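The structure under discussion appears below in the form of structure tokens.
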Amino acid sequence: MYDIKGYYDAETVSEATLLLADNPNLKLIAGGTDVLIKMHGGQLEDAELLSLRKIKSLESISAAEDGTIVIGAMATFSMIFHNPMLKDLIPILTEAAISMGGPQIRNIATIGGNVCNGATSADSASSLFALNAHLKLQDKNGERVVPIREFYMGPGKVALNPGEILTEILIAPEDYKGFGGQYIKFAMREAMDIATLGVAVVCKVQSGNFDEVRIGLGVAGPTPLRCLEAEAYAKGKKITSETLAEIGKLAVKSAKARTSWRASKEYREHLVEELTQRALKIAVVNAGGAEVV
């Protein structure tokens, strides 16, 4: 049963922001894979919905003149996975996209909705954290850009101000050029399951050493997070199995895992240590380095 009090369609971002300004109680709906579940479960009563599905400009995936990758918030996970540019330049995001749900869900679920839902298990989140993504937010008075690491404020809570819409996800060239990466989703089932842990790693290598490493984790805390201590340790270190082992241990120190019905705190911390090393081994090769044995 869907308790819908009102429904509005916007065909442009400007129209959507004006509707939001006039009615702050409107609930934004993109693909609807999260909102409709909440409505069906009685978490949203007398909902007034503002649909963004007709705003085709928000489905665009392109590169700006300076090389910045621009992903529209209404791009579906299927669009992201099949996009040749993303597969070539930031394949860890396409890996995350194909791991999300089944084909029917990926055909309708959007990356913007995935981010704005604020879930630490969001399949795109750890990759976007590792890629230093920025988010463009717009209201009727203008727009602002915020780092994705400042957008997640708590479980299901994001820094989206009243009247604002997420319009674009931005990834600067210095955050992906020359990097190799790998995304690993660990779940109890091989398909159509929520992640028990998500690990996204990107690295840049030079003469057998780590030039830069970034590690994004999902479901390792109440929000997605970065492993800053491990990243700082890795910089300039020789790429060896011993170095990877230490990075894995330090990644656990950044985690804020808890016990849930899916996994214990201790098991999640074990996964952080182990999967960070596995992802790094693959990322090193993808960055043009030698295989770590």
Side-chain angles (χ1 to χ4, degrees), residues 2-39 44 46-86 90 93 97 100 104-119 122 124-125 128 131 133-148 150-152 157-172:
Y2 297 108
D3 189 8
I4 300 175
K5 184 179 178 181
Y7 182 88
Y8 304 84
D9 262 321
E11 296 190 5
T12 65
V13 173
S14 296
E15 182 184 353
T17 57
L18 288 173
L19 284 168
L20 272 179
D22 290 340
N23 187 351
N25 294 322
L26 288 176
K27 179 72 176 178
L28 292 174
I29 183 169
T33 55
D34 290 315
V35 171
L36 293 179
I37 288 173
K38 290 179 180 178
M39 292 179 64
L44 291 174
D46 294 329
E48 291 186 86
L49 302 179
L50 173 56
S51 173
L52 306 179
R53 66 186 180 89
K54 290 186 178 180
I55 308 179
K56 296 304 178 182
S57 63
L58 295 185
E59 295 179 359
S60 173
I61 300 173
S62 62
E65 287 187 7
D66 67 353
T68 296
I69 294 173
V70 183
I71 304 173
M74 289 294 290
T76 67
F77 281 89
S78 289
M79 292 174 184
I80 289 167
F81 174 67
H82 290 293
N83 185 272
M85 179 185 71
L86 298 184
I90 49 172
L93 187 58
M100 194 269 189
Q104 297 93 336
I105 295 295
R106 292 194 294 271
N107 284 342
I108 194 169
T110 65
I111 191 168
N114 200 231
V115 169
C116 290
N117 194 39
S124 64
L128 292 174
L131 289 164
H134 285 64
L135 308 177
K136 184 179 286 188
L137 311 171
Q138 185 170 332
D139 64 15
K140 71 168 187 175
N141 296 315
E143 57 188 32
R144 65 188 177 106
V145 176
V146 300
I148 193 168
E150 296 177 9
F151 190 66
Y152 284 78
K157 186 178 181 182
V158 295
L160 195 65
N161 294 331
E164 281 187 328
I165 295 171
L166 169 61
T167 58
E168 293 174 347
I169 296 166
L170 311 172
I171 302 168

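Note that this is a predicted model, so its numbers are computed, not measured.
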| note | Rounded to the nearest 0.5 Å, the CG atom of L131 sits from the CD1 atom of I148 at a distance of 9.5 Å
| When you check the gap from the basic side-chain N to the acidic O, do R144 and E164 get nearer than 4.0 Å? | yes
| said: Can you tell me how far apart OG (S60) and CE (M74) are? Round to the nearest 0.5 Å. | reply: 13.0 Å
| note | Tightest non-hydrogen contact, residues I80 and A97, listed as CG2-CB, 3.9 Å
| message | Less than 4.5 Å apart, side chain to side chain, heavy atoms only: is that true for T110 and M79? | response | no
| field | From T167 atom OG1 to Q138 atom CD, the distance as rounded to the nearest 0.5 Å | value | 5.5 Å
| field | L49 and L28, any side-chain heavy atoms less than 4.5 Å apart | value | no
| request: Without swapping roles, check the side chain of S78 against the backbone of R106 for a donor-acceptor pair under 3.5 Å. | output: yes
| request: Determine, stepwise, if the pair I55 / V13 fulfils side-chain contact (heavy atoms from CB on, under 4.5 Å). | output: CA-CA 7 Å; I55 308 179; V13 173; 4.0 Å; yes
| said: If the condition is salt bridge (charged side-chain N to carboxylate O under 4.0 Å, His left out), which residues does K140 pass it with, not counting sequence neighbours? | reply: none
| query | How close do C116 and F151 get, heavy atom to heavy atom, and via which atoms? | reply | SG-CZ, 4.2 Å
| said: To the closest 0.5 Å, what do you measure between NZ (K54) and CD (E59)? | reply: 13.0 Å
| said: Does any part of the side chain of I69, heavy atoms only, come nearer than 4.5 Å to the side chain of L93, both counted from C-beta? | reply: no
| request: For the pair S124 (side chain) and I111 (backbone), establish whether a donor and an acceptor sit closer than 3.5 Å, ignoring hydrogens and angles. | output: no
| said: I'd like to know whether S51 forms a side-chain contact (heavy atoms from CB on, under 4.5 Å) with Y8, so could you lay out the CA-CA distance, the side-chain angles of the two residues, the decisive distance to 0.1 Å, and finally the verdict. | reply: CA-CA 6 Å; S51 173; Y8 304 84; over 6 Å; no
| query | Measuring from L170:CG to L135:CG, what's the distance to the nearest 0.5 Å? | reply | 7.5 Å
| Shortest non-hydrogen contact from L166 toward L160 | N-CD1, 4.2 Å
| request: Side-chain contact test, heavy atoms from C-beta onward, threshold under 4.5 Å: evaluate it for I29 versus L50 and give yes or no. | output: no
| For Y152 against A119, the heavy-atom pair lying closest together | CE2-O, 4.0 Å
| request: Let me see the working for F77 and N114 under side-chain contact (heavy atoms from CB on, under 4.5 Å), right down to the final yes or no. | output: CA-CA 10 Å; F77 281 89; N114 200 231; 3.5 Å; yes
| request: Not counting sequence neighbours, list each pair that qualifies as a side chain to side chain donor-acceptor pair (under 3.5 Å) and has a residue in residues 15-24. | output: N23-E48
| Rounded to the nearest 0.5 Å, what separation is found between the OG1 atom of T76 and the CD1 atom of I61? | 7.5 Å
| request: Carefully, step by step, assess N161 and L137 under the rule side-chain contact (heavy atoms from CB on, under 4.5 Å). | output: CA-CA 9 Å; N161 294 331; L137 311 171; over 6 Å; no
| request: May I ask you to test the L128-V115 pair for a side-chain heavy-atom distance under 4.5 Å? | output: yes
| query | What closest approach, in Å, do L19 and A10 show between heavy atoms, and which atom pair accounts for it? | reply | CD1-CB, 4.3 Å
| note | On a heavy-atom basis, the closest approach of I171 and A133 is CG1-CB, 4.1 Å
